[in-house]
Trainee: 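Dropping the structure in here first, questions after.
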Amino acid sequence: MNEMTSITTTLKDWETDQEVRWCPGCGDYAILKAVQRTLPELGADPANTVFVSGIGCSSRFPYYVESYGFHTIHGRAPAFATGIKLANPELDIWLVTGDGDGMSIGGNHTMHMLRRNLNCQIMLFNNEIYGLTKGQYSPTSRLGTNSPTTPMGSVDRPMSPCAFALGAGARFVARGFDVSKELSGVLKAAHAHKGAAFVEIFQNCIVYNKDVFNEFAAPKGAEDRQLWLREGEPMLFAKGTQGIALDVEKLTLKVVDVVDGNWQAAGVIVHNVTNKAIAHMLVDMPFGAFPMALGVIYDDPRPSFEEVVLGQDAKAREGKVANLAKLLAQGQTWTVE
Amino acid sequence: MATLAAEAETQQNTPDAVVVRFAGDSGDGMQLTGGQFTLSTALAGNDLATFPDFPAEIRAPQGTLFGVSAFQINFGSTAIETAGDAPDVLVAMNPAALKTNVGALKPGGLIIADSGEFNKRNLEKAKYENNPLEDGSLARWDLLAFDISALTMESVKRFGLGNKEALRCKNMWTLGLALWMFDRPREPIYDWLKGKFRKAPELAEANIAALDAGHAYGETAELSGPLKQYHVGPVKSDPGLYRTVTGADAISLGLVAGAQLANLPMFFGGYPITPASAILHNLVKMKEFGVTTFQAEDEIAAICSAIGASYAGQLGVTSSSGPGIALKGEAMGLAIMTELPLVIVNSQRGGPSTGLPTKTEQSDLYQAVYGRNGDAPMPVIAARSPADAFDVAIEACRIAVQYMTPVILLTDGYIANAAEPWQVPNPDDFTPFPVTFLTEKNAGDTLLPYKRDAKGARPWIKPGTPGLMHRIGGIEKQVDTGHLDYSPANHQAMTDARKAKIDGIANSILDQEVCLGNTGGKLAVVGWGSTYGPIHQAVRAARKKGVDVSHIHVRHIWPMPKNLGDLLRGFDKVLVPEMNTGQFKTVLRDQFLIDAKPLTKTSGQPFTIAELEAAIEAMAE
């Protein structure tokens, strides 16, 4: 996020005149709307906002937001964002990427952006597939995924973007999904965080990987399968009848039953967004035996990259005058008469 | 100049020019010795050129043949343009250094060897069966062997240093002797040592003692025979202030000057690679000029961050060497497509792949001119010497911002590391080219991000500018609006527009001049980049012998000066010497349909004047 003067806009102000070219029914539409709805609520200024993306379906996003936008090359959006932010730290940068763009070809850049803590919001649309190239399996595809390149099922184990982010040293990690009403709140929290704010957004690719998130994202039964994390509140789901507790013996999380709303007696953990150990456990919870952890998982700010770099630059410049003639004549010189 | 030097030397020992090569173990401090001798020589008013030649390994195993590091300097009282063909004096700090370098020494030249290092172990490592200092195998040369190691130990005894530290002063002892031989002042070295060892004054004192001892040895040792003083007088130069500069220094300064002339802050994104890293090392010390530096996670991130900074309104710069430039290729295409300014410095080295990381070559010309996907025209310019690199860096900045395009600046390992005297320019002598950003809509109520000016350049629009929000990217742009447009006519129009813009840069550059000789005749020797020095000397020597030959040296590789084709057609024959297999020759043939002949060399070493003279004479027959 960025300290900025609040501007009054409406959702319409953030729409471009360009025809949106995602497949009908794509989860990207819902995410786009959520973003366009959230930006006015943040008081964001279109002139001061930059959407930076790589390559893939998700990376077409900048064309549809009436702000500044830079659709770059595959996997490298974090590097462009770094240059933009160091050149003008006043700009509010949203980075749009996908599981292929951000975790495969651009995994290296994502890692370094996160460990450096570049001040921007990262939205990683995870649809567990390569959509734009017609359906090859991706680094987040589940084991055994049938795809044009894996006709007998994929054999490489999927990686978890949130676990990757925590491992890389991200100071803000959150999760949401395309059609969730809570997505806007997650994006606001990401924007409020100063530093790299990593948000994994599960997104339904209706053509190549339809409904793979339905087990927790479908409205029916969602209560039982979604654990929405809120700072200072107990980790409850299934209408408060179940919760997440710490198995102290095994040092793992466990699902416990909550009787008569007495979550304290059941040992349910109160969510503390600065607890990194619990954050690691939450993103690693195997879905099925556990609900899907959603919302702000971890949020513990540190000074951001551009703040420290530009602070150091300012210090290096202290008391120095930019005298080119003097610079050119530096070192040992001699005069020819 | 080397041949003249030999003639003069035999008569009066006041040669016009002398070539000295210091060679030792990569841990012996030969580059330091050479560098300080260079400084002292420059201060004595000589013209000079240097050639550092060192292994890729940082500390190769001691005493081995592949671990030899050498530094050659050619200095004189006349104009010096190369590091010299064959040394007059070779300082060999061990058997391996002798073995790998003595072959280059001029017949009758002087060998100074540290006999203390010619022990059984080192002789074996250098694969000598007998001690060459004793077996008469060096009879072709003058030999002076004495135990520099022991003499150094003796000279620093009173400082109570450990054995290892005491021996480290050996290079200063040798430098002291060299300073005596060539009548150079010791004061600049004193100052430098005091600065270098500010935190350990006893080490400064010990090194100074070793330096003085070496000097005194030359002065007092009654060595009749080969050890004698040379007096090389100062060169006649234009009046003014001078300093020495390496190519890496000059490029760094030129980039800073270019950004200042464009009135822009500069962003430099780099990734460590030999021999390009020195530019990043230099720029981190120049932050007061609005320079921001970023050591990226890889070559790709380095260029992408620089493009990001250009997009945000700074002058983005990145630098690398061949393999790193290959990685940057896709991002260059994006800079071409989005028409953003960018300077890409390629310090060429021997290739392909990792190739010869510390040796020089000019084999990335095809890569620079053609090496991208799609029709991706990009200007390419080349520096011909360390001092020239300053002007070329400014020119790269000018083209980038005036034409909204990435520009490749080609230099090479030789230029990057070599030093030469440089008349310090006055910044006021350069014409500024301040950038104007677009701040209002440029077509009535509409913004046209790809509307072109008379030069074919689009406006530069900084994010953060109210009312000018727009989107850019790598997908084909619609003429004027910049919207996505895949239609056939539009791609044709945009491909043509991108090409026309780059071709049009030729309108902003000076006509090609002939650096030596005539605008027509029997033979033109056409060079580019760091071959300037040897070609110039060879052409000069051939002309003295009456050969009708001229030297043309091309800075603007792409697009080329408009008159170049006609100029070359004015010669019966065209010879193109290059440190590659004939890349510029191919471009010249392609562009002008002339029968340019190649002269190629890919040994990792610069051309010698003699090689070029021979080729010129053979072709002129």
Side-chain angles (χ1 to χ4, degrees), chain A residues 16-18 21 45-53 55 59 62-63 65-88 90-91 108-109 111-112 309-310 312-313 316-317 320-325 327-337, chain B residues 39 42-43 45 188 237-244 253 256-257 260 265 267 269 286-290 292 294 296-298 300-302 304-314 316 330-331 333-334 338 424-427 462-475 483-484:
Chain A
T16 61
D17 57 357
Q18 296 297 292
R21 298 191 191 189
D45 177 357
N48 212 44
T49 303
V50 187
F51 279 80
V52 183
S53 65
I55 294 291
S59 289
Y63 291 115
V65 184
E66 185 56 43
S67 68
Y68 283 91
F70 199 172
H71 179 213
T72 70
I73 50 178
H74 207 7
R76 322 298 173 199
F80 289 93
T82 304
I84 296 169
K85 194 73 181 174
L86 285 173
N88 184 357
E90 302 303 315
L91 297 172
N108 187 35
H109 307 300
M111 169 170 78
H112 290 283
V309 170
L310 299 176
Q312 221 181 42
D313 283 4
R317 286 171 192 144
K320 286 189 188 163
V321 184
N323 183 333
L324 191 57
L327 176 76
L328 300 183
Q330 232 172 33
Q332 272 168 302
T333 56
W334 66 96
T335 305
V336 175
E337 303 293 336
Chain B
L39 180 65
L43 292 174
S237 310
D238 294 338
L241 186 67
Y242 286 79
R243 63 178 281 192
T244 59
L253 294 169
V256 167
Q260 297 273 304
F267 178 95
M286 301 178 187
K287 296 209 163 142
E288 66 269 31
F289 294 90
T292 300
F294 173 55
E297 59 269 29
D298 63 20
I300 298 170
C304 293
S305 63
I307 295 171
S310 281
Y311 170 64
Q314 299 198 347
E330 186 192 9
L334 181 72
T338 52
V424 176
N426 180 354
K462 279 195 279 193
T465 310
L468 301 189
M469 287 81 72
H470 66 287
R471 275 64 54 193
I472 59 170
I475 298 182
H483 292 322
L484 305 194

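Everything quoted here is computed from the prediction, not taken from an experiment. Letters A, B, ... mirror the listed sequences (proteins, then strands); counts begin at 1.
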Trainee: Please assess Tyr63(A) against Leu484(B) for the test side chain to side chain contact (heavy atoms under 4.5 Å, CB included), listing each intermediate value before the final yes or no.
Mentor: CA-CA 9 Å; Tyr63(A) 291 115; Leu484(B) 305 194; 3.2 Å; yes
Trainee: If I measure from the heavy atoms of chain A, does Ala306(B) come under 4.5 Å with its side chain, its backbone, both, or neither?
Mentor: neither
Trainee: Among Ala309(B), Pro463(B), Gly467(B), Ala301(B), which residue has the highest count of heavy-atom pairs closer than 4.5 Å to chain A?
Mentor: Pro463(B)
Trainee: Could you go step by step and tell me if Leu253(B) and Met286(B) meet the side chain to side chain contact (heavy atoms under 4.5 Å, CB included) rule?
Mentor: CA-CA 9 Å; Leu253(B) 294 169; Met286(B) 301 178 187; 3.8 Å; yes
Trainee: Distance-only, no hydrogens or angles: does the Asp313(A) side chain make a donor-acceptor pair with backbone N or O of Lys287(B) under 3.5 Å?
Mentor: no
Trainee: Which answer fits Ala302(B), side chain, backbone, both or neither, if we ask what part of it has an atom under 4.5 Å from a heavy atom of chain A?
Mentor: neither
Trainee: Is it the backbone or the side chain of Glu337(A) that comes under 4.5 Å from a heavy atom of chain B, or both, or neither?
Mentor: backbone
Trainee: Any non-hydrogen side-chain atom of Asn323(A) less than 4.5 Å from a side-chain atom of Leu327(A)?
Mentor: no
Trainee: Report which part of Ser310(B) has an atom under 4.5 Å of a heavy atom belonging to chain A: side chain, backbone, both, or neither.
Mentor: neither
Trainee: Any idea which of His109(A), Arg21(A), Met111(A), Arg76(A) has the most non-hydrogen atom pairs under 4.5 angstrom with chain B?
Mentor: His109(A)
Trainee: Assess the pair Phe70(A) and Phe80(A): is the distance between their ring centroids shorter than 6.0 Å?
Mentor: yes
Trainee: Looking at Thr292(B), Leu43(B), Asn426(B), which one has more heavy-atom pairs under 4.5 Å with chain A than the rest?
Mentor: Leu43(B)
Trainee: Heavy-atom distance under 4.5 Å to chain B: side chain of Asp17(A), backbone, both or neither?
Mentor: side chain
Trainee: If you round to the nearest 0.5 Å, how far is OH of Tyr68(A) from CD1 of Ile472(B)?
Mentor: 11.0 Å
Trainee: When rounded to the nearest 0.5 angstrom, what is the spacing between NE2 in His71(A) and CG in Leu334(B)?
Mentor: 9.5 Å
Trainee: Can you find a heavy atom in the side chain of Leu324(A) that is under 4.5 Å from one in the side chain of Phe289(B)?
Mentor: yes
Trainee: Need one label for Tyr242(B): side chain, backbone, both or neither, based on atoms under 4.5 Å from any heavy atom in chain A.
Mentor: both
Trainee: What I'd like to find out is whether the side chain of Thr49(A) reaches to under 4.5 Å of the side chain of Leu91(A), using heavy atoms alone.
Mentor: no
Trainee: With only heavy atoms counted, which part of Val52(A) is less than 4.5 Å from chain B, the side chain, the backbone, both or neither?
Mentor: neither
Trainee: If you count heavy-atom pairs within less than 4.5 Å of chain A, which of Gly290(B), Gly45(B), Gly313(B), Gly474(B) leads?
Mentor: Gly290(B)
Trainee: Tell me, out of Pro239(B), Ala312(B), Cys304(B), who's got the most heavy-atom pairs with chain A below 4.5 Å.
Mentor: Cys304(B)
Trainee: Can you tell me which of Val424(B), Asp238(B), Thr244(B) forms the most heavy-atom pairs within a distance under 4.5 Å of chain A?
Mentor: Val424(B)
Trainee: Measure distances from Pro188(B) to the heavy atoms of chain A and classify the residue's part below 4.5 Å as side chain, backbone, both or neither.
Mentor: both
Trainee: Would you please classify the geometry between the Phe267(B) ring and the Phe294(B) ring as parallel, tilted or perpendicular, with 30° and 60° separating the classes?
Mentor: tilted
Trainee: Of all of Asn88(A), Leu310(A), Leu86(A), Val309(A), which one pairs up most often with chain B through heavy atoms under 4.5 Å apart?
Mentor: Leu86(A)
